[in-house]
Structures are given as structure tokens and as C-alpha cells.
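Here is the structure we will look at, set down as C-alpha cells.
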Amino acid sequence: MNRNQVRIRVIYADTDAMGIVYHTNYIKWFEIGRTELLRDIGIVYSEMEAQGYNLPLTEVYCNYLSPARYDQIIVVETELEYLKRASMKFSYTIWDEDREKALVEGFTIHACINRSGKIVRIPPFIIKRIEEQLHIKF
């Protein structure tokens, strides 16, 4: 498995007065896609936190191609683009329900930190899961 797909129905609270999705909600959907990709390969974020690691966002990019609207079903496609010593990059495409039209493309980069907030190497249990499940060599 290289990619993960999550289906989401746009709710009214995610839209502006015109029924168009407010721009920051796409970033929230990036998080949903990333969390589910990690969960699918056996990395549960709450368990990672319990072991003393976090992946704070250090960079985000979002290219808005076409608006999503109220009650529309969207598909968030997420891929782990790279894994470095202390960071990882995820790329995203948000599609319409039939995956005929890309609505948004973007990426996020995350550092790995410990409980003290210090940047640290990505722990071996995460590397092992990524290598086994996504076939990305570290």
C-alpha cells in the first residue's frame, strides 16, 4: 500500500455563506488523510505520543484548483513522499467523489520531536512500519 484514501462528506459548518468549503478545512482534511494512512500501517498517533514522540507541522502547501461544496463527498488521497532522519513529507490530492476532478493538491512536512520539544531521529518502530508497509527504504 502506497496511498491511502478517505471519503468525507462536506458538512455545512465547513462552508462559507456561499456553500463553498472554507480554505482552512482542506488542511484539516490533510490531517485526517495523514492520520488514517499512519493508522493503516500500524502507527497510531496517540500511541506514538504515549512513547514520547510528536510530529509537528513545519511546512504546509495547498494549491486550490476547484471548490468543494456543501454535502459533496470528497476523497482525500494521501501518500508518504519521503522519510528523512528527523522529518517526513506527505502529499495530498483531494478529489471529487468519482475521482474525475482534482480539487486541491498539497503537502505537509513534519519534524519528529521528543517530549521536551527537541528534534530527534524518527524512532525505529516508525521506520520499521514504514519500510514494511509502504516499501520506502530509510
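All values derive from a computational prediction rather than experimental measurement.
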If you measure from CG on L83 to CD1 on I127, what distance do you get to the nearest 0.5 Å?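 Answer for the CG-CD1 pair, L83 versus I127, is 6.0 Å.
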Just to verify, which of R34, E79, E31 counts as forming a side chain to side chain donor-acceptor pair (under 3.5 Å) with Y92?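 Exactly one candidate clears the test, R34.
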Answer yes or no on whether K89 is positioned over the face of F107, meaning its NZ or CZ is under 6.0 Å from the six-membered ring centre and within 45° of the axis.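 That pair qualifies as a cation-pi contact.
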Under 3.5 Å donor-acceptor, T78 side chain and L37 backbone: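 No, T78 side chain to L37 backbone: no donor-acceptor pair under 3.5 Å.
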Is there a donor-acceptor pair under 3.5 Å between the side chain of N114 and the backbone N or O of S116?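 It does hold such a pair.
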I want to check something: taking the side chain as every heavy atom from C-beta on, are [X] and [Y] in contact at a cut-off of under 4.5 Å?
{"X": "V44", "Y": "L38", "value": "no"}
{"X": "Y53", "Y": "I113", "value": "no"}
{"X": "E97", "Y": "Q72", "value": "no"}

Kindly indicate, with the supporting measurements, whether the criterion side-chain hydrogen bond (donor to acceptor under 3.5 Å, both in side chains) is fulfilled by N4 and E77. CA-CA 6 Å; N4 170 280; E77 184 177 82; over 6 Å; no
Selection residues 19-28 - residue pairs positive for salt bridge (Lys or Arg N to Asp or Glu O under 4.0 Å), sequence neighbours left out: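 Non-adjacent pairs meeting salt bridge (Lys or Arg N to Asp or Glu O under 4.0 Å): D14-K28.
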Which pair of non-hydrogen atoms, one from [X] and one from [Y], has the smallest distance, and what is that distance?
{"X": "V6", "Y": "G33", "result": "CG2-CA, 4.3 Å"}
{"X": "I11", "Y": "Y70", "result": "C-CD1, 3.7 Å"}
{"X": "V21", "Y": "R69", "result": "CG2-N, 4.2 Å"}

Is atom CD1 of I119 surrounded by more than 12 heavy atoms (other residues, nucleotides or ligands) closer than 6.0 Å?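 For I119, atom CD1 is not crowded (no more than 12 foreign heavy atoms under 6.0 Å).
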So does R39 pair up with E36, basic N to acidic O under 4.0 Å?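 Salt bridge present between R39 and E36.
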Side chain to side chain contact (heavy atoms under 4.5 Å, CB included) partners of K101, counting only residues at least two apart: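 Residues passing side chain to side chain contact (heavy atoms under 4.5 Å, CB included) with K101: S66, D96, L103.
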F30 and side chain to side chain contact (heavy atoms under 4.5 Å, CB included): which single residue from L57, T108, T35, N25 fits?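 Testing each of L57, T108, T35, N25 against F30, the sole residue satisfying side chain to side chain contact (heavy atoms under 4.5 Å, CB included) is T108.
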Test side chain to side chain contact (heavy atoms under 4.5 Å, CB included) applied to F125 and Q51, step by step: CA-CA 10 Å; F125 73 93; Q51 293 186 41; 3.2 Å; yes
Checking Y26 against Y64 for the ring-ring contact (aromatic ring centres under 6.0 Å, His included) test, could you report, in this order, the C-alpha distance in whole Å, the side-chain angles of both residues, the deciding distance, and whether it holds? CA-CA 9 Å; Y26 296 100; Y64 303 97; 5.5 Å; yes
